[in-house]
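Written below as structure tokens is the structure these notes are about.
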Amino acid sequence: MKFTIVITRDEDGIYVAECPAIPGCVSQGKTEEEAQANIQDAIRQCLEVRAEMGMPLTVTTRQVEVAV
């Protein structure tokens, strides 16, 4: 499966990665690459737990266009 992830840098310089399609699926790393590897593991684990609990694996996400 392919997922969109978002990586941001917090005020302490740590990279925080999250997967918007899986509520609560967040990880972090000292580098962007580490954060990406960690969120991939987190996604696998979140999907396992959601499946075991009978929850939907993902929620619907969409892209919208906003004029600025």
Side chains of [X] and [Y]: does their closest heavy-atom pair fall under 4.5 Å?
| X | Y | result |
| --- | --- | --- |
| S27 | Q45 | no |
| T4 | T61 | no |
| I22 | L47 | yes |
| V59 | P23 | yes |
| F3 | T58 | yes |

Within this structure, what is the [atom1]-[atom2] distance for the pair [X] and [Y], rounded to the nearest 0.5 Å?
| X | Y | atom1 | atom2 | value |
| --- | --- | --- | --- | --- |
| E18 | T8 | CD | OG1 | 6.5 Å |
| I43 | E48 | CD1 | CD | 13.0 Å |
| R9 | T31 | CZ | OG1 | 10.0 Å |

Mark yes or no for whether [X], through its side chain, and [Y], through its backbone, hold a donor-acceptor pair below 3.5 Å.
| X | Y | value |
| --- | --- | --- |
| Q36 | E32 | no |
| R50 | M55 | no |
| D12 | I14 | no |

*Taking all heavy atoms of A17 and all of A35, pick out the closest pair and write down the distance.*
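Nearest pair, atom of A17 first, then A35: CB-O, 3.7 Å.
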_For V6 against P20, the heavy-atom pair lying closest together_ = CG2-CG, 4.0 Å
*When clusters are formed by joining ILVMFWY residues with side-chain heavy atoms under 4.5 Å apart, either directly or through shared neighbours, do V16 and I39 land in the same one?*
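Different clusters: V16 never reaches I39 through Ile, Leu, Val, Met, Phe, Trp or Tyr contacts under 4.5 Å.
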